[in-house]
Amino acid sequence: MLANKDQDNKTQKQVEYSFEERNKSQAFCQNLPLKPYESELYSSNLIIAFNATKFFFLFLVGLCSSCVVAASLQSFHIMSILVQFSSICIVPLTVLTLCVITTVAILESLK
């Protein structure tokens with residue numbers, strides 16, 4: 001009986017300890033920034049430029065992967081639609097992304 005009570009007390013202390021440690025680690029993690037560029041090292045203009053290039057490259061990767069899947073499934077109708085869509089969209093998106101990057105570069109150099 002006495003040994004069971006000691007074991008119960010030890011397990012209860014371990015549970016309480018792990019609960020306290022988990023709360024401390026969660027409180028510590030909540031103070032950290034979610035993304036590395038959200039710190040004060042980068043301005044909001046630079047974050048906009050990073051996001052513009054990130055989404056542009058994600059668009060290109062998605063378009064290329066959908067073209068590869070359409071070609072591997074031998075669906076030439078979908079492939080022709082994707083090629084027409086890419087010929088319409090890629091040039092304006094490239095120009096827009098480069099304009100955002102150059103604008104941010106000019107604004108950051110003026111600071």
Side-chain angles (χ1 to χ4, degrees):
M1 283 290 223
L2 194 57
N4 288 338
K5 287 183 181 181
D6 288 338
Q7 284 181 338
D8 289 340
N9 287 337
K10 285 181 183 178
T11 56
Q12 186 178 5
K13 286 180 184 178
Q14 288 174 351
V15 169
E16 288 175 2
Y17 179 73
S18 64
F19 182 72
E20 289 173 3
E21 287 298 314
R22 189 174 66 228
N23 284 341
K24 286 180 185 177
S25 66
Q26 286 176 354
F28 176 73
C29 292
Q30 288 174 355
N31 294 332
L32 296 176
L34 295 177
K35 296 178 183 174
Y37 57 82
E38 285 183 346
S39 65
E40 295 179 7
L41 296 175
Y42 300 113
S43 67
S44 59
N45 294 334
L46 245 124
I47 292 173
I48 291 171
F50 289 156
N51 284 334
T53 55
K54 176 179 72 174
F55 288 125
F56 177 69
F57 285 123
L58 284 174
F59 171 75
L60 289 179
V61 166
L63 190 65
C64 290
S65 64
S66 62
C67 286
V68 167
V69 168
S72 66
L73 294 176
Q74 296 178 353
S75 57
F76 297 110
H77 299 292
I78 295 174
M79 185 72 173
S80 65
I81 292 170
L82 288 173
V83 169
Q84 290 174 356
F85 177 72
S86 66
S87 65
I88 293 170
C89 289
I90 286 183
V91 173
L93 285 176
T94 305
V95 169
L96 180 68
T97 305
L98 291 176
C99 286
V100 167
I101 292 171
T102 54
T103 305
V104 167
I106 290 170
L107 288 176
E108 288 297 318
S109 67
L110 291 177
K111 284 185 179 181

Please set out all donor-acceptor pairs under 3.5 angstrom arising from side-chain atoms of residues 84-98, sequence neighbours excluded.
{"from": "Ser86", "atom 1": "OG", "to": "Leu82", "atom 2": "O", "distance (Å)": "3.2"}
{"from": "Ser86", "atom 1": "OG", "to": "Val83", "atom 2": "O", "distance (Å)": "2.8"}
{"from": "Ser87", "atom 1": "OG", "to": "Val83", "atom 2": "O", "distance (Å)": "3.4"}
{"from": "Ser87", "atom 1": "OG", "to": "Gln84", "atom 2": "O", "distance (Å)": "2.8"}
{"from": "Thr94", "atom 1": "OG1", "to": "Ile90", "atom 2": "O", "distance (Å)": "2.6"}
{"from": "Thr97", "atom 1": "OG1", "to": "Leu93", "atom 2": "O", "distance (Å)": "2.8"}

Let me check something: any side-chain donor-acceptor pairs from residues 68-76 under 3.5 Å, sequence neighbours excluded? List them with distances.
{"from": "Ser72", "atom 1": "OG", "to": "Val68", "atom 2": "O", "distance (Å)": "3.2"}
{"from": "Ser72", "atom 1": "OG", "to": "Val69", "atom 2": "O", "distance (Å)": "2.9"}
{"from": "Ser75", "atom 1": "OG", "to": "Ala70", "atom 2": "O", "distance (Å)": "3.2"}

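- Note on Leu46: it does not cluster hydrophobically with Ile101, by side-chain heavy-atom contacts below 4.5 Å among ILVMFWY residues.
- Listed here is the closest heavy atom pair of Val100 and Ala52: CG1-CB, 4.1 Å.
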Could you give the side-chain donor-acceptor pairs of residues 56-67 under 3.5 Å, partners two or more places apart or in another chain?
{"from": "Ser65", "atom 1": "OG", "to": "Val61", "atom 2": "O", "distance (Å)": "3.2"}
{"from": "Ser65", "atom 1": "OG", "to": "Gly62", "atom 2": "O", "distance (Å)": "2.9"}
{"from": "Ser66", "atom 1": "OG", "to": "Gly62", "atom 2": "O", "distance (Å)": "3.1"}
{"from": "Ser66", "atom 1": "OG", "to": "Leu63", "atom 2": "O", "distance (Å)": "2.8"}

